[in-house]
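Here is the structure we will look at, set down as structure tokens.
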Number of protein chains: 2
Amino acid sequence: MSSDPPPPRPATLEDVALVAGVSRATVSRVINGAQTVDPALRRAVERAIANTRYVPNRAARSLVTRRTGSIALVVSEEERRTVADPFIGRMFTDPYFGRVVSGLLEVLRPVGVQMLLMLADDDVSRTQLVSYLQQGHVDGVILISSHAADPLPAMLTSTRLPAVLSGRPPQPTRISYVDADQQAGARLAADHLAGLGRRHIGTVSGPMDMPAGQDRLAGFRAAMAAHGDHEVISVEGDFTQAGGAAAMKRLLGELPDLDGVFIASDLMALGALPVLHGQGRRLPEDVAVVGFDDSSAALACSPPLTTVRQPVEEMAAEMARLLLRAINEPGRPAQSVIFQPTLVVRQSA
Amino acid sequence: MSSDPPPPRPATLEDVALVAGVSRATVSRVINGAQTVDPALRRAVERAIANTRYVPNRAARSLVTRRTGSIALVVSEEERRTVADPFIGRMFTDPYFGRVVSGLLEVLRPVGVQMLLMLADDDVSRTQLVSYLQQGHVDGVILISSHAADPLPAMLTSTRLPAVLSGRPPQPTRISYVDADQQAGARLAADHLAGLGRRHIGTVSGPMDMPAGQDRLAGFRAAMAAHGDHEVISVEGDFTQAGGAAAMKRLLGELPDLDGVFIASDLMALGALPVLHGQGRRLPEDVAVVGFDDSSAALACSPPLTTVRQPVEEMAAEMARLLLRAINEPGRPAQSVIFQPTLVVRQSA
DNA sequence: TTGTATGCGTTATCAT
DNA sequence: ATGATAACGCATACAA
């Protein structure tokens, strides 16, 4: 019993059928788990499949089923290429992105659904993308959008493709989305700072044209108001590390006796903390700092950052589940789920 | 001249042919850029394509050409899921990963090649992966391996699939790879520290079972030796932030009067610097620190990290080019390219 | 230069 | 329960 050399050509359904002594159709039934197959034959077919190392040809299957067994993870962002930094995909280097991928794969992998990574960063690429998606090359779309006024969610709607958005879209759409309760998260930060007895409080907000930016600021303001007459000065940041540093400088200018600050993203905090240190402020003694996200950036801060945790991986996993469900039940209405953030207390506040 | 409503079914070659008044074959020729088409007919076909919003069906095309127009980016790493951190893909949150994706897409996107993101983190997933790849669902593979003794490169060889590795593989294979000259990079760091007049020098190395770990240490040692009788103590790290912190503690124990240190990755430096600060050492006055990578972590350090730059995006772009070439010229022998690192001087040394 | 005809590997319909 | 057979949309060898 010697193992024969592998065939140069992958085994087909036909080959398996020949070996098993049945028809193509029966082999196909076994592979697709049809219940109407004689147990004896089923075993024979399974043996033949193993012996021939058969694996279905996805292209052929996809041609007839009009399903691909794959979804697209599309990252949408404004083009910001410069001569100094000619490479694309600012989002790809954001810790957030890795957590999303991780959570997505966690549910996609067990069911054998592949993930295409696609980027849309200008009008041309957006148009191409939509046309590509429209032709059914993927069964569904997960969209991570890094900027407001992104036309992509709306464009996606016309596609009739199952889709799930990361974060509440700026304009309401019929597309499902997954988000954390941003306002509740900001309230956690406010309560913590107030509980610490801080009175001169500032905040570095996110971009005011993004829902996450708006909601975190609104939630923080409302909670602070509920705690009484704290003065709250806010300065707008852009969710980047450099932007965080710049915003903190401005904030210190406007509120020199600052003793507590809420920074609406850990990445911005990573940029802001050195500014505080540069002014000789000790953390948390002189100023207590609370971030948002609980990304790896929070641990990169010194001291380690107290922050509002978004369960990004769990959220991404839920996005994948929603998408799979939408794909398998075409009639299903859009459905969104909101996660509750938690406060992770470390040493900065 | 009113635009008619889009058909519920995507246009096929047949539809376009009908509109243009030619045969399927001619439309196919136009789409595939054949030179043997009458200019007038070509224009007619192009108009018809635009009017019908035709886009080729990839599954059908792939079925006959046996090409998919997509490649796989496979991330190979040891499984390290814990209860506390149940999610997969440590690599995905490494800044390195985002830079690779960015560089890859830079060359893949213009030629319309899609990228599948795949993960291999245990024996089962590796076997499944190879069997998947073997069936020609992708035209080629880019492999990023995060650990030594990875059986995947060898497994890939048997696949006969075009493949390109990121970094020199532990065991020599016939597969192309792209790498930076690690030893030369480490020499840059050594020369800089020596030039600064530092004499009590330590280094936090990478894992000694990874080529990058070995080469950086060897290169650093050799260059230091060339500079005379500096004592060089080395401590092994694991290329993670936490590992960098732990290693730095050990290093300080072994070499309390340390005044210069080479940390073999920026991420480790990000963990190590707070340890130094915690001991009251000023950077760069008391101790000069040089990192490796020039990743975003280098800028997250305070002070900003002087580091050896690997042009990761350019390297990834080159990987994509090599892979595309291997796909289009089947006979082509494996080819590797080595990039030269440069020193980026900031404030830590 | 253009059209006709065939086959790629699978699922689905329809007999049996 | 099983087996023929017809699509699925495309590229291509061959004929014209």
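Worth knowing before you read on, the calculation uses all heavy atoms, side chains too, and leaves out hydrogens, waters and symmetry mates. Residue numbers start from 1 in every chain, and the chains themselves are labelled A, B, ... in the order their sequence lines are given, proteins ahead of strands.
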Which parts of residues 33-40 of chain A get close to DNA chain D, meaning a heavy atom less than 4.0 angstrom away? A:Thr36, A:Val37, A:Asp38

Listed in order of residue number, which residues of residues 19-30 of chain B have a non-hydrogen atom at under 4.0 Å from DNA chain C? B:Val22, B:Ser23, B:Arg24, B:Ala25, B:Thr26, B:Arg29

Just by distance, no angles: are the side chains of B:Asn57 and A:Arg66 close enough, under 3.5 Å, to form a donor-acceptor pair? no

Residues at least two apart in sequence or cross-chain that pass side chain to side chain contact (heavy atoms under 4.5 Å, CB included) with A:Ala316, listed by chain then number, are A:Val100, A:Leu104

Distance-only donor-acceptor check, side chains A:Tyr54 and B:Ser131, under 3.5 Å: no

With a non-hydrogen cut-off below 4.0 angstrom, is A:Leu13 in contact with a base, only sugar-phosphate, or nothing? base

Through what angle, rounded to 10 degrees, does the axis of the helix from C:dT1-D:dA16 to C:dT16-D:dA1 turn between its ends, using five pairs per end? 40°

Leading and trailing nucleotides of DNA chain D with any atom under 4.0 Å from heavy atoms of chain B: D:dG9 to D:dA13

Under a plain distance cut-off of 3.5 Å, with no hydrogens placed, do B:Tyr96 and A:Thr93 share a side-chain donor-acceptor pair? no

Using heavy atoms and a sub-4.0 Å distance, could you list which residues of residues 60-68 of chain A are near DNA chain D? By number, please. A:Leu63, A:Val64, A:Arg66

For A:Arg126 against A:Asp123, the heavy-atom pair lying closest together: NH2-OD1, 2.8 Å

Side chain to side chain contact (heavy atoms under 4.5 Å, CB included) with A:Val107: which residues, sequence neighbours excluded? A:Ala317, A:Ala320, A:Arg321, A:Leu324

Give me the ring orientation class for B:Phe97 and A:Phe97: parallel if the planes are under 30° apart, tilted from 30 to 60°, perpendicular past 60°. parallel

Hits for side chain to side chain contact (heavy atoms under 4.5 Å, CB included) against A:Ser23, two or more places apart or cross-chain, chain-then-number order -> A:Ala25, A:Thr26

Nearest heavy-atom approach of A:Ala334 to A:Arg174 is CB-O, 2.8 Å

What is the first contacted nucleotide of DNA chain C and what is the last, in 5' to 3' order, if contact means an atom lying under 4.0 angstrom from a heavy atom of chain A? C:dG9 to C:dA12

Are A:Arg67 and A:Asp139 within salt-bridge range, i.e. N to O under 4.0 Å? yes

Write out all pairs satisfying side-chain hydrogen bond (donor to acceptor under 3.5 Å, both in side chains) with one or both partners inside residues 34-47 of chain A, taking only residues at least two apart or from two chains. none

Which residues satisfy the side chain to side chain contact (heavy atoms under 4.5 Å, CB included) test with A:Val19, sequence neighbours excluded? A:Ala48, A:Thr52

Contact summary for B:Ala326 and B:Pro162, nearest pair of heavy atoms: CB-CB, 4.0 Å

Distance-minimising heavy-atom pair for B:Ile142 and B:Met319: CG2-CE, 3.0 Å

Among residues two or more places apart or on two chains, list those pairs meeting salt bridge (charged side-chain N to carboxylate O under 4.0 Å, His left out) that have a residue in residues 103-121 of chain A. A:Arg81-A:Asp121, A:Glu106-B:Arg81, A:Arg109-B:Asp121, A:Asp121-B:Arg109

Can you tell me how far apart CG (B:Leu117) and CE (A:Met115) are? Round to the nearest 0.5 Å. 4.5 Å

Shortest non-hydrogen contact from B:Leu152 toward B:Ala120: CD2-CB, 3.9 Å

